[in-house]
Amino acid sequence: MITNLNANQTADFKLQLGTFYIAVWGCQMNVYDTGRIRDLLSSKGYAEVSSPKDASVVVLVTCAVRAKAENKVFNQIDAWRHQGDVNDETIVALGGCVGTELGQKILDEDRGVSIVFSPKTIHRLPDLIELYKATSRPVCDVEADSMEKFDSLPLQGRRGASAFVTIMEGCSNKCTYCIVPYTRGEEKSRNVADILKECRNHLQEGACELHLLGQNVNSFCGLNDDGSECSFAELLYEVAALPKVQRIRFTTSNPMDFTEDLVEAIGALPIIADAIHIPVQSGSDTVLQRMHRRYTAESYLKLVEDIRKVRPSARISSDFIVGFPGESDAQFEETMELVRKVKFDQSFSFIYSKRPGTPAADYPDEVSQEEKKQRLYKLQALLEQCAKDYSQEYLNTVQDVLVEGTSSKDENELKARSSANRIVVFKGSKDLVGTMVKVRIVQILPHTLRGELL
């Protein structure tokens, strides 16, 4: 990334190459797409800068799952214009799921955007930029086969100690609250050979942790070279066999597709991280039915029990939607009871957000916003207590941690991540960044663990 440029140097770079600034909101798949856009623009001769003010092209990749993320990106564009960081000469390209959701509407409403693209069309972004430069006309391009981009993108650049690898696109579950099937399309899995090639490239570039991504990652069904189908569990064995890989994570799993062979793989492959994310959304079977989540609270509890049998150190995290239309007090209490039984680790919880075009958007909703907020506070307090209890268990234990960089609070300390996704800070040489080391946990802090290097 180019930094510390004076005004004349920045102008020269804009004239010779073009510069870009990129910002991202939302899920890990958006983060993956952002990295691929960075690779793509860099390969085309654009230079990345650290501020939108120094960029000829500002790229924003954002989420459409909740209205809050969608609004945030337009507020950010307005703020940059007000501050003078973005002007009429700046090409603003907006992508992510919000690009698919709103498409041409963004341009019609004159939201200060020059180009609208989608997760399916990130590989076309350089051409869209050139088209806009040639015509000065805003352009919207959001439709393509979801696998097309993988054949059109350059090799990945260096990602650091941990690298995301998208193994599939889209989702076919049609949960009644979720807009993703309409923005990313139906499920399509990448070929196994392509995934392994990308993994090998990351490992050669210095990564030692691979994070496999999909909207419903455990429904992966890619093709082997011989044309046979490969399940997600089988893919995990393939990735685990790659030289230099030291840890594997995966996100996000649907409980209904968490098969017996996947549970067995977690038990058989210590290289899989202890932190396992399995969104449950609600503990009420009635609410789950209205959400079109095809499992029950009982089957979810059985799944957690099976995972903990093969991996006693597993830490289960989850997603929760509070205030789904029609959720009663009793149904919310069923969610609280599920949390007490499972004792989830670091989890995410949100108030239901109505998304246009989804079935739930038309459901009657008699629960007040204030009641939803109170339920959320109550749930988050319980989840926070569960996470604190787990943190206490790490005191005086030895943990294998992946060193990600220096601490944001003290540059003399290193920041690392444990198998259970805990941030650990400790004194050590910066040469350790990007490696896996052992530390003893000596202090429990509110949101981190303090360790000593062994």
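Just the heavy atoms: all of them, side chains too, but no hydrogens, waters or symmetry mates, feed the values below. Just so you know, residue 1 is the first one in the sequence shown, and it goes up from there.
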- Query: If you draw a 6.0 Å radius around NZ in K415, do more than 12 non-hydrogen atoms from other residues or ligands fall strictly inside?
  - Reply: no
- Message: With a 6.0 Å cut-off (strictly less than), is the heavy-atom count around CD of E229, excluding the residue itself, greater than 12?
- Response: no
- Task: Under the side-chain contact (heavy atoms from CB on, under 4.5 Å) rule, collect the residues that match up with T176, sequence neighbours excluded.
- Result: M291, H292, F324, P359, A360, Y363
- Give a yes or no on whether a salt bridge exists between E198 and R190, defined as a side-chain N under 4.0 angstrom from a carboxylate O. yes
- Looking at E169 and K188, does any basic side-chain N land under 4.0 Å from a carboxylate oxygen? no
- Does the distance from a Lys or Arg side-chain N to an Asp or Glu carboxylate O, for R124 and E148, drop under 4.0 Å? yes
- Item | Modelled atom types, side-chain donor and acceptor of S317 and H277, under 3.5 Å | yes
- For L40 and P126, the nearest pair of non-hydrogen atoms, with its separation, is CD2-CD, 3.4 Å
- Query: Does atom NZ of K197 have more than 12 heavy-atom neighbours, drawn from other residues, nucleotides or ligands, at distances under 6.0 Å?
  - Reply: no
- Salt-bridge contact R38-E48 (side-chain N to carboxylate O under 4.0 Å): yes
- Message: With salt bridge (Lys or Arg N to Asp or Glu O under 4.0 Å) as the test, pick out the partner of D274 among R417, R422, R311.
- Response: R311
- Item | F220 side chain near S189 side chain, heavy-atom distance below 4.5 Å | yes
- Answer yes or no: does atom CG of D88 have more than 12 heavy-atom neighbours from other residues, nucleotides or ligands under 6.0 Å? no
- Message: In terms of relative ring orientation, are Y300 and F344 parallel, tilted or perpendicular, with 30° and 60° separating the classes?
- Response: tilted
- Pair K388 + D345: basic N to acidic O under 4.0 Å: no
